[in-house]
There are 4 protein chains.
Amino acid sequence: MQIIEAAVAEFASKGYFASDVAAIAKKAGVAKGTIYNYFSSKEDLFMGVVRTGLGLLEERMRAIRSSRLSPVGKIERALKEYLSFVERNWTLYQVITKEAIHLFARVSEEYCTKVKSHVGVIETLINDGINSKAFRKVDARTSALVLLGMADAVTWEAVLSNRKPNVLKQHKAILEIYLRGIVKQ
Amino acid sequence: MQIIEAAVAEFASKGYFASDVAAIAKKAGVAKGTIYNYFSSKEDLFMGVVRTGLGLLEERMRAIRSSRLSPVGKIERALKEYLSFVERNWTLYQVITKEAIHLFARVSEEYCTKVKSHVGVIETLINDGINSKAFRKVDARTSALVLLGMADAVTWEAVLSNRKPNVLKQHKAILEIYLRGIVKQ
Amino acid sequence: MQIIEAAVAEFASKGYFASDVAAIAKKAGVAKGTIYNYFSSKEDLFMGVVRTGLGLLEERMRAIRSSRLSPVGKIERALKEYLSFVERNWTLYQVITKEAIHLFARVSEEYCTKVKSHVGVIETLINDGINSKAFRKVDARTSALVLLGMADAVTWEAVLSNRKPNVLKQHKAILEIYLRGIVKQ
Amino acid sequence: MQIIEAAVAEFASKGYFASDVAAIAKKAGVAKGTIYNYFSSKEDLFMGVVRTGLGLLEERMRAIRSSRLSPVGKIERALKEYLSFVERNWTLYQVITKEAIHLFARVSEEYCTKVKSHVGVIETLINDGINSKAFRKVDARTSALVLLGMADAVTWEAVLSNRKPNVLKQHKAILEIYLRGIVKQ
DNA sequence: TATGAATGAGCTTTCATTCAT
DNA sequence: TATGAATGAAAGCTCATTCAT
């Protein structure tokens with residue numbers, strides 16, 4: 001729906017609070033009121049964006065898990081997909097992963113559940129690797145979170161250099177650290 | 001100054017936009033107008049908070065650099081200091097590292113410069129390690145950012161479990177991945 | 001028509017401004033647009049309700065006038081009918097008699113004419129009583145209005161005790177005051 | 001305070017819902033925000049108006065009670081004061097007595113308590129008359145409400161004739177009905 | 001004739017900022 | 001320097017009304 005697309009763009013570039021529902025409506029080519037026919041509030045619209053973003057990411061991660069790649073291959077692929085997603089949607093990614101924290105109480109459990117589920121998929125990839133003796137016995141939960149944190153590092157680069165992150169440049173470096181960190185030997 | 005302290009508390013718990021200058025003034029025990037004698041705007045006050053927070057972190061990192069620890073010991077120490085800072089100020093950390101991005105254009109270069117300098121110190125620690133042959137020839141900049149990303153992972157855990165991050169639990173796991181990732185052999 | 005019935009219920013329970021055309025449509029089991037096929041606006045719909053309400057009352061008053069009761073009997077009956085109507089429709093009565101005043105300018109003369117006609121019927125009952133020497137030479141217009149005012153008192157009781165007015169309890173007291181007030185000797 | 005005065009004028013002429021806080025501010029010669037420094041909401045402002053209006057009325061009624069007039073004289077005086085108040089503030093009176101019903105749930109008990117207290121004073125005047133054998137043993141509560149209802153009748157006249165009520169014209173008629181109604185013999 | 005998605009004017013309320021004291 | 005009442009732009013949200021189907 002074009003409303004979500006416009007909301008993604010607006011939230012991504014300005015953040016939740018600085019975003020203007022009227023601007024989103026204009027961007028989407030609809031009237032303000034129309035947005036409220038589909039979302040009950042600005043917060044609900046934001047959650048729609050979060051849902052969309054996390055949904056896209058989760059879908060990719062699940063596809064990787066059910067692929068025939070080796071554990072290492074899966075992590076490689078996951079990181080690649082992850083970075084590639086962040087590259088294409090880095091501001092959306094910022095919004096999804098950073099700002100939701102301040103809305104937490106109000107959006108109740110949904111955001112938390114969604115992120116947990118998302119982290120869970122990555123955790124599974126790591127556990128699979130541990131079970132097949134490919135990875136050391138690392139703390140899967142923390143290791144999964146660390147992967148997210150690394151993707152985050154990429155967005156920092158973007159902020160510091162004030163331009164779209166160049167993922168390819170960083171992919172190898174991150175992967176090398178991460179894989180050496182968890183792979184056996 | 002008590003204004004900064006009050007601002008730290010307010011911004012950390014509510015985020016920039018949801019924070020109320022009046023509430024900060026009350027918390028600080030001064031009148032609203034007084035704040036404007038010291039800071040030209042809410043944004044300026046926020047930058048004061050960012051300055052303070054990053055300043056604290058940077059100071060610690062510089063102390064580490066000038067210590068007599070080994071390169072590995074320095075990284076260990078840096079990570080420890082980092083996690084410990086995040087543990088004690090994790091919401092402030094979230095605010096400093098996440099929300100500032102949306103104020104970027106307006107607060108001009110200062111925030112960016114400050115973060116760059118901060119990352120720079122960590123980068124230096126890594127380069128020192130590389131030069132002393134302790135670390136592999138990793139991309140120092142990316143590796144430094146990865147360290148920040150990992151600290152971030154800790155705050156995610158806090159969000160997901162809805163309680164203060166338990167750093168000790170994660171310190172070992174993260175350190176192991178990171179050191180194996182960058183140390184030679 | 002079920003639209004009027006739904007509108008009566010909605011306006012009576014919420015008042016004109018707080019009432020929602022969408023809610024009326026839902027209650028009536030039709031689409032919002034359908035209402036506008038029968039009424040040109042919310043205001044027009046409200047006037048439909050006023051018309052219905054005042055129409056019901058007026059019909060009863062006219063029936064009384066053409067009955068064979070004595071002047072005193074007619075007043076007794078009128079008051080009884082009046083209170084009984086208010087008892088069954090006291091919130092509607094409130095809306096009709098109180099809120100319409102603020103729409104006055106816009107709904108032109110109709111409301112005013114309607115009320116005047118309504119008051120007129122009661123006035124006639126009183127004039128009949130005066131002419132037949134049953135009543136003193138009171139100011140018929142004012143006396144008619146006073147009857148309305150007394151019915152009003154009943155709704156006040158309902159408001160103050162926050163429950164449906166108990167008309168029987170008040171009927172005798174009011175009637176006694178009123179009749180003593182206007183009957184000869 | 002000039003805000004209350006402006007609010008009285010606005011609410012009286014348009015009713016609660018059709019009134020515009022901005023218009024009240026303009027009328028009062030202050031900025032919109034200023035109103036919210038004194039009243040927490042439009043509803044609270046409305047209650048301020050109700051408080052003021054009922055307070056004025058109650059004060060007069062209390063003064064009458066503590067006067068040295070005879071019971072009949074007190075009722076005469078009360079009705080006179082009442083009608084005179086309504087004459088000077090009839091639209092305010094409309095607002096106070098008619099519209100509050102639809103805000104009832106939200107403004108909780110205050111309005112109800114205030115009106116009860118007001119009715120109570122009149123009830124006392126009547127009970128005093130009954131005790132001193134000046135009045136018949138009427139139902140004091142209902143009789144007090146009837147007095148209010150009569151004052152109401154006066155506002156109807158104003159609505160129907162679309163001009164300020166002419167109280168003097170009606171005072172005698174109403175008083176005659178009412179006194180004959182309750183006085184002994 | 002009936003529908004209900006789309007509309008957008010208009011409303012209440014907030015809050016960073018100013019400035020007379 | 002400190003104050004806090006006053007400000008007014010700005011924002012979220014509602015809802016009577018329209019009109020293509």
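Below, chains carry the letters A, B, ... as their sequence lines are ordered, and counting in each starts from 1.
We find the CG-OG1 distance between C:Asn89 and C:Thr52 to be 11.0 Å, quoted to the nearest 0.5 Å. A distance of 10.0 Å separates NZ in D:Lys27 from CG in D:Asp20, rounded to the nearest 0.5 Å.
As judged by a 4.0 angstrom heavy-atom cut-off over every strand, B:Phe39 is placed among residues making no nucleic acid contact.
Remark: B:Ser40 pairs with B:Asp44 by the side-chain contact (heavy atoms from CB on, under 4.5 Å) rule, at least two apart or across chains.
With rounding to whole Å, C:Ile24 atom CD1 is found 12 Å from F:dC15 atom C1'. For the pair A:Lys26 NZ and E:dT7 P, the computed distance is 14 Å after rounding to whole Å. Between the CD1 atom of D:Ile35 and the C1' atom of F:dG8 there is a distance of 13 Å, given to the nearest Å. In this structure, A:Lys14 atom NZ and F:dG12 atom P are separated by 10 Å, rounded to whole Å.
Classification of the B:Phe11-B:Phe46 ring pair by plane angle, with boundaries at 30° and 60°, yields perpendicular. Classification of the B:Phe85-B:Tyr93 ring pair by plane angle, with boundaries at 30° and 60°, yields perpendicular.
For the pair B:Tyr38 (side chain) and B:Ile4 (backbone), a donor-acceptor distance under 3.5 Å is absent. At least one donor-acceptor pair under 3.5 Å links the side chain of B:Ser13 to the backbone N or O of B:Ala9. A donor-acceptor contact shorter than 3.5 Å links the side chain of C:Ser19 to the backbone of C:Glu10.
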Atom pairs, protein N/O to nucleotides 9-12 of chain E N/O, distance under 3.5 Å:
| from | atom 1 | to | atom 2 | distance (Å) |
| --- | --- | --- | --- | --- |
| E:dG10 | O6 | A:Lys32 | NZ | 2.8 |
| E:dT12 | OP1 | D:Ser19 | O | 3.1 |
| E:dT12 | OP1 | D:Lys42 | NZ | 2.8 |
| E:dT12 | OP2 | D:Asp20 | OD1 | 3.0 |
| E:dT12 | OP2 | D:Val21 | N | 3.2 |

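DNA chain E is contacted by both C:Thr34 and A:Tyr38; C:Thr34 maps to the nucleotide lying nearer its 5′ end (nearest heavy atom per residue). Residue-to-nucleotide proximity on DNA chain F shows that, of A:Ser40 and B:Ala31, the 5′-proximal contact is made by B:Ala31.
Geometric assessment of D:Lys42 against the ring of D:Tyr36 yields a negative cation-pi assignment under the 6.0 Å and 45° thresholds.
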Query raised in the report: Dot-bracket, DNA chain F: Watson-Crick or G-U, under 3.5 angstrom, [ ] crossing, | other strand?
Result: .||||||||||||||||||||
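For C:Asn37, no side-chain nitrogen or oxygen approaches OP1 or OP2 of E:dT1 to under 4.0 Å.
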